[in-house]
Structures are given as structure tokens and as C-alpha cells.
Amino acid sequence: METTANQAFELIDLLPSPSDFRREVLDGLRRAQKQIPPKFFYDARGSALFDDITRLKEYYLTRTETDMLAERAGEIAASLGRDATIVELGSGSSRKVRLLLDELQGKVTYVTVDISREHLLAAVAALCDEYPALRVIAVCTDYTRGIGIPLENLPARCMAFFPGSTVGNFEPAEARQFFAMTAGYLRSGDSLLVGVDLKKDRDILDRAYNDAAGVTADFNRNLLVRINRELGADFEVEAFRHVAFYDEGHGRIEMHLLAEKEMTVHLGGERILFKKGETIHTENSYKYSVADFHELIRGSGFRAAATWTDADSLFSIHHLVVDR
């Protein structure tokens with residue numbers, strides 16, 4: 001465990017190596033349907049672009065979830081009691097967790113887990129300025145593989161916090177594995193607060209993922225910018241067009257980067273051929289009904305203690321408790 005020079009927070013740096021990044025990207029680009037895992041969106045620039053997306057009028061998810069958390073924060077904090085620990089998975093700018101921190105009593109510990117080291121450090125520095133009494137542990141790692149620290153040494157009851165409907169980026173089987181893994185490192189009496197986007201009208205979804213300002217398109221293409229910079233690839237970024245659409249059969253938004261011409265990309269000593277119109281599948285965002293989500297977590301080690309939806313049935317928040 002490393003402590004930063006100003007002693008403001010503890011840092012545990014488990015950032016995946018460039019070789020891991022290269023291997024996963026190449027594995028995805030060798031497939032018949034080329035794909036890159038969405039976790040690689042989040043370098044410093046990608047994280048900043050995503051923050052911009054959350055402020056767009058078309059992107060209802062963040063606005064709706066934040067309003068719901070503000071309304072229920074006192075109730076959620078009361079369920080945790082004094083001296084609680086919050087572990088936020090994929091914490092980004094740590095904006096939503098402030099609603100909970102403002103309501104918690106006693107000695108509170110905040111474990112913030114994110115894959116973007118630069119963005120993580122900036123967010124934590126700001127948080128420590130606002131909450132000088134808060135104990136903060138920053139973990140730079142891929143949270144889909146665990147949180148990298150044991151909870152046994154942390155005080156009191158713990159709640160994992162997974163907002164933003166990021167769970168929708170997982171295939172359903174992967175989501176079940178994620179919930180089982182999370183329940184496995186939490187303790188009896190611990191819980192998980194998770195945001196889940198609901199199924200809704202196609203037009204609302206289309207506007208949310210194809211914003212008029214093109215911020216989501218920039219966010220999508222920035223993945224190629226990152227691969228060029230960090231892995232020495234030679235993607236012609238502007239030759240790829242952002243495409244997002246709702247696949248009603250699978251109940252998910254799909255995001256792709258579409259090659260607008262035939263080209264060859266060099267990466268890691270390999271030549272990757274693109275036909276005109278071929279795509280890289282960069283993200284899924286599954287949408288669930290409340291009943292679908294409760295079925296998804298069945299047998300995962302969690303049970304639903306409370307479920308809330310907004311007045312327009314756009315979004316849901318689920319408080320799950322470890323069931324063992």
C-alpha cells in the first residue's frame with residue numbers, strides 16, 4: 001500500500017499492464033465480428049468525455065439516477081448505520097457518491113476503484129478537499145476482476161456502490177458472474193447499491209446514444225486514439241464513424257465504429273484488415289425490466305432488499321444484500 005506525498009489518501013496501484021491492454025485488443029480484433037472491451041474507453045480523455053456525456057440533455061440516465069439518489073440518500077445511509085464503508089466500482093469523478101457521503105455519520109471510509117489512474121487521482125484529490133475527515137483508499141485496477149484489497153481490515157458494514165447502469169455493459173452471463181464475484185468478497189450483512197437502466201421507447205434511447213453535439217461519437221473514436229498512442233497502432237481515426245442503435249431482440253443498445261473505407265491497421269506486429277462497412281463492436285448497454293433484473297441476480301449471492309424507480313419509469317436503483 002502506498003501513501004501519497006500529502007498524506008491525503010492511500011493509493012493502491014494495480015493498473016493493468018500495457019501488455020494486458022495489447023493482448024485484449026488484439027484478441028478482439030482477430031474475431032469475425034471485431035470488438036474491443038468497453039473498459040478501455042476510460043483513459044483520462046475518455047473519462048473526461050464521458051463526464052461531458054452525462055451532462056447532455058439527451059442523456060437522461062445520470063440526471064434521473066442522481067435525482068433518485070438525492071431523494072433516497074438519507075434512507076440508504078440510515079440502513080448502513082454509523083462508521084460505514086462505501087466501495088465504489090468504476091468511480092469516475094465520484095460525483096454521485098457525495099450524495100451518500102453527506103448523509104453518513106461517524107468515521108466513514110471510501111474505497112474508490114477505477115481503471116483510469118490519472119482521472120482517479122484527480123477525482124480523489126478534489127474529494128479529499130471537500131471531505132477532510134473522510135478516509136479515502138484509491139485503488140487503480142480493473143474492477144471486473146475484483147477490488148484488489150481485502151475488506152476484513154475495513155471497519156463496520158460495507159456497501160458496494162455501482163451506479164450509472166454500467167452493469168448493462170456486461171453480457172447477461174458476465175453480469176451474473178460479476179454479481180457472484182462481488183457477493184463473494186463482501187461480508188455477511190454487506191450490500192450492493194446498483195443503478196440499472198430500464199427498457200423504454202426506442203426514440204429516447206436513440207437520442208441518448210446519438211447526441212446532437214457528437215460527444216458520444218468523440219468518446220467512441222477516442223478508443224482508437226488511445227490505442228494509437230499507447231500501443232503504437234496506426235488507426236486512421238477519422239475514417240471510422242460512430243454508430244449506435246437499439247437491438248430490440250437482445251434488449252440492448254449496441255455501439256460500433258464503422259470503417260468508411262477499406263484499410264489495413266498495424267498493431268503489435270500484426271496487420272488487421274478492414275473492409276468498407278466493417279465495424280468494431282465497442283459497447284453493449286443492456287436494458288432490463290425490474291423483473292428481468294431480479295431474475296438476473298437470482299442465485300448470485302444477493303437478494304433484493306429494496307427497488308426504486310423514477311416517476312417516468314426510465315431508471316431503477318436496487319439495494320441488494322448479501323444472501324448467505
Side-chain angles (χ1 to χ4, degrees), residues 15-16 21 24-25 28-29 33-66 88-96 114-123 140 142-144 162-170 195 197 204-231 233 235-247 252-260 265 267 274 278-287 315:
L15 182 67
F21 182 21
E24 291 199 51
V25 169
L29 294 178
Q33 168 59 74
K34 294 178 173 65
Q35 62 184 59
I36 300 174
K39 64 186 177 184
F40 294 125
F41 280 132
Y42 299 99
D43 63 349
R45 176 60 176 157
S47 296
L49 283 167
F50 184 73
D51 283 346
D52 291 342
I53 288 170
T54 66
R55 300 183 183 98
L56 296 169
K57 66 177 182 178
E58 298 101 324
Y59 198 78
Y60 62 88
L61 291 89
T62 301
R63 180 173 59 253
T64 304
E65 184 181 34
T66 300
E88 185 170 7
L89 307 173
S91 50
S93 297
S94 298
R95 290 205 306 265
K96 294 171 188 171
D114 202 88
I115 199 169
S116 174
R117 188 179 191 276
E118 185 177 348
H119 201 62
L120 175 69
L121 294 178
C140 182
D142 177 0
Y143 67 83
T144 66
F162 195 41
S165 199
T166 308
V167 67
N169 296 155
F170 297 129
D197 198 19
I204 296 174
L205 292 169
D206 182 68
R207 288 193 298 270
Y209 291 87
N210 294 284
D211 61 277
V215 182
T216 308
D218 290 343
F219 171 73
N220 202 5
R221 281 192 295 265
N222 182 68
L223 180 58
L224 303 184
V225 175
R226 179 186 182 187
I227 292 170
N228 282 352
R229 183 183 67 249
E230 296 185 21
L231 301 183
F235 278 100
E236 189 177 339
V237 176
E238 294 307 316
F240 286 84
R241 176 164 54 89
H242 165 74
V243 176
F245 58 89
Y246 184 58
D247 179 343
R252 70 189 187 196
I253 284 282
E254 289 189 17
M255 283 202 340
H256 294 253
L257 289 166
L258 184 146
E260 296 197 291
V265 173
L267 171 60
F274 284 86
E278 189 174 4
T279 71
I280 306 171
H281 190 173
T282 55
E283 184 178 77
N284 289 322
S285 184
Y286 280 86
K287 312 303 176 185
F315 201 86

Using side-chain heavy atoms (C-beta onward) and a distance below 4.5 Å, is [X] in contact with [Y]?
X      : Y      : result
Lys57  : Asp211 : no
Tyr209 : Ile53  : no
Val215 : Leu56  : yes
Asp51  : Arg95  : yes
Phe41  : Thr282 : yes
Phe245 : Leu205 : no
Arg45  : Val225 : no

Should the ring pair [X] and [Y] be called parallel, tilted or perpendicular, given that the plane angle runs from 0 to 90° and is split at 30 and 60?
X      : Y      : answer
Phe21  : Phe40  : tilted
Phe235 : Phe240 : perpendicular
Phe219 : Tyr42  : tilted

Apply side-chain contact (heavy atoms from CB on, under 4.5 Å) to residues Thr62 and Lys96 and explain how you reach the verdict.
CA-CA 9 Å; Thr62 301; Lys96 294 171 188 171; 3.8 Å; yes
Restricting to non-hydrogen atoms, name the atom on [X] and the atom on [Y] that form the minimum distance, rounded to 0.1 Å.
X      : Y      : result
Glu24  : Pro37  : OE1-CG, 3.8 Å
Gly92  : Ala123 : O-CB, 3.4 Å
Phe274 : Ile280 : CE2-CG1, 3.7 Å
Gly195 : Glu65  : CA-OE2, 3.4 Å
Pro163 : Glu88  : CG-OE2, 3.7 Å
Thr279 : Gln33  : O-NE2, 3.0 Å

When rounded to the nearest 0.5 angstrom, what distance separates [atom1] in [X] from [atom2] in [Y]?
X      : Y      : atom1 : atom2 : value
Glu236 : Glu260 : CD    : CD    : 10.5 Å
Glu230 : Asp43  : CD    : CG    : 6.0 Å
Asn169 : Asn284 : CG    : CG    : 8.0 Å
Leu231 : Leu224 : CG    : CG    : 11.5 Å
Asn210 : Met255 : CG    : CE    : 9.0 Å
Ser94  : His119 : OG    : NE2   : 8.0 Å

For the pair Asp114 (side chain) and Ser91 (backbone), establish whether a donor and an acceptor sit closer than 3.5 Å, ignoring hydrogens and angles.
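Side chain of Asp114 to backbone of Ser91, a donor-acceptor pair under 3.5 Å: yes, one is there.
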Glu58 side chain to Ala212 main-chain N or O, any donor-acceptor pair under 3.5 Å?
yes
Kindly indicate, with the supporting measurements, whether the criterion side-chain hydrogen bond (donor to acceptor under 3.5 Å, both in side chains) is fulfilled by Asp52 and Tyr59.
CA-CA 10 Å; Asp52 291 342; Tyr59 198 78; over 6 Å; no
Please walk me through it: do Ile227 and Ile36 pass side-chain contact (heavy atoms from CB on, under 4.5 Å)?
CA-CA 10 Å; Ile227 292 170; Ile36 300 174; 3.6 Å; yes
Applying side-chain hydrogen bond (donor to acceptor under 3.5 Å, both in side chains) to Asp142 and Thr144, what does each step give before you reach the verdict?
CA-CA 5 Å; Asp142 177 0; Thr144 66; 2.6 Å; yes
